[in-house]
> 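Can you keep this structure in mind? I'll have questions shortly.
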Amino acid sequence: MDKKQICIKFAREICDILDISVPAIKFVSADRMRTSTQIAALTPDAVLVRNDVTVSPELFFAISHELRHSYQIANGADLKGYQASDKISVEQYNLQSLEVDANAFSALVMSDFFGIVPRFQNLPESVKVAINDRMKQIQKEYE
């Protein structure tokens with residue numbers, strides 16, 4: 001399987017868990033991303049994935065993170081107060097409930113699918129605590 005097929009297969013599995021339809025997966029150049037480290041992004045019609053990223057745990061984390069955002073939107077998430085990462089601090093951005101939830105869900109996916117537990121080493125302790133707390137809530141929801 002090539003990278004696109006692998007990503008689509010993975011997205012289908014995650015969308016089955018989330019009970020949402022599978023969006024298109026489009027590979028795009030890095031300059032389409034908001035930051036130089038961003039791997040994937042959700043648009044109204046697709047999940048965009050950087051075409052220069054290899055198949056890796058980071059890629060699967062990024063895809064599951066964006067699919068969780070799709071789930072949030074499909075389930076009526078309030079986007080009014082949401083701010084983009086280039087508008088506020090790293091801590092403020094990652095403490096937004098939609099980001100905490102997407103990071104927590106994706107961390108659980110990484111653990112369940114690959115036996116990898118993300119450490120979020122680049123994030124402040126307050127964000128790590130929020131993600132860990134949300135992971136516990138999500139686990140209870142899926143029991």
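As a basis for the values below, the full set of heavy atoms in this structure was taken, side chains included, without hydrogen atoms, waters or symmetry mates.
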> For the pair K136 and E141, find out whether any cationic side-chain nitrogen is under 4.0 Å from an anionic carboxylate oxygen.
no
> Report yes if the side chains of I39 and I63 come closer than 4.5 Å at any heavy-atom pair, otherwise no.
no
> Closer than 4.0 angstrom, basic N to acidic O: yes or no for R50 and D52?
yes
> With no hydrogens and no angle check, is any side-chain donor or acceptor of N75 less than 3.5 Å from a backbone partner on Y71?
yes
> Just list the side-chain donor-acceptor pairs under 3.5 Å for residues 107-119, sequence neighbours left out, or say none.
none

> To the nearest 0.5 Å, how far apart are CZ in F105 and CD1 in I14?
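If we round to the nearest 0.5 Å, F105:CZ and I14:CD1 are 5.0 Å apart.
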> On a heavy-atom basis, which atom in A102 and which in Q72 lie closest, and how many Å separate them?
N-NE2, 3.8 Å
> For the residue pair L59 and V55, what are the closest heavy atoms and their distance?
CD2-CA, 3.9 Å
> Is there a path of hydrophobic side-chain contacts, each under 4.5 Å between heavy atoms, that joins I8 and I20?
yes
> Could you state the interatomic distance from CD1 (I131) to CG (L123), rounded to the nearest 0.5 Å?
5.5 Å
> So do the side chains of R134 and I138 get within less than 4.5 Å of each other, counting heavy atoms only?
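They are in contact (side-chain heavy atoms under 4.5 Å apart), so the answer is yes.
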> Which heavy-atom pair separates A41 from M33 by the least distance, and what is that distance?
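For A41 and M33, the tightest heavy-atom pair comes out as CB-SD, 4.1 Å.
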> With sequence neighbours excluded, what pairs up with I88 under the side chain to side chain contact (heavy atoms under 4.5 Å, CB included) test?
Q83, Q92, Y93, Q96
> Let me see the working for N103 and H65 under side-chain contact (heavy atoms from CB on, under 4.5 Å), right down to the final yes or no.
CA-CA 6 Å; N103 281 324; H65 181 100; 3.1 Å; yes
> Would the distance check show the side chain of S64 and the main-chain N or O of F61 forming a donor-acceptor pair, the cut-off being under 3.5 Å?
yes
> How about CG on D19, more than 12 heavy atoms from neighbouring residues, nucleotides or ligands closer than 6.0 Å, or not?
no
> Going by heavy atoms in the side chains, are V127 and V100 under 4.5 Å from each other?
no
> Return the minimal non-hydrogen interatomic distance between C7 and F27, and the atom names on each side.
SG-CZ, 3.8 Å
> What's the spacing between L18 CG and E13 CD if we round to 0.5 Å?
12.0 Å
> Using side-chain heavy atoms (C-beta onward) and a distance below 4.5 Å, is T35 in contact with S85?
yes
> Are the side chains of S21 and S70 in touch, meaning some heavy atoms are under 4.5 Å apart?
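Contact flag for S21/S70 side chains = no.
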> For the CG atom of L95 and the OG atom of S89, what is their distance to the nearest 0.5 Å?
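Separation between the atoms: 8.0 Å.
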> Assess the residue pair D101 and R68 against the criterion (side-chain contact (heavy atoms from CB on, under 4.5 Å)); give the C-alpha distance rounded to whole Å, side-chain angles, the decisive distance to 0.1 Å, and a yes or no.
CA-CA 8 Å; D101 179 72; R68 184 64 174 194; 2.6 Å; yes
> Under the criterion side-chain contact (heavy atoms from CB on, under 4.5 Å), I'd like the reasoning laid out for V22 against D16: C-alpha separation, chi angles, the key distance, then a yes or no.
CA-CA 8 Å; V22 183; D16 282 349; 5.8 Å; no
> Taking all heavy atoms of V28 and all of R32, pick out the closest pair and write down the distance.
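Answer, listing the atom of V28 first, then R32: CG1-NH1, 3.6 Å.
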> Side chains of E66 and H69: donor-acceptor distance under 3.5 Å anywhere?
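Per modelled atom types, E66 and H69 side chains form no pair under 3.5 Å.
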> Over all heavy atoms of both residues, which pair between N51 and K3 is shortest? Give the atoms and the distance, please.
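Here N51 and K3 meet closest at O-NZ, 2.9 Å.
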> Mind running side-chain contact (heavy atoms from CB on, under 4.5 Å) on I6 and F60 for me, showing each step along the way?
CA-CA 10 Å; I6 291 167; F60 293 123; 3.7 Å; yes
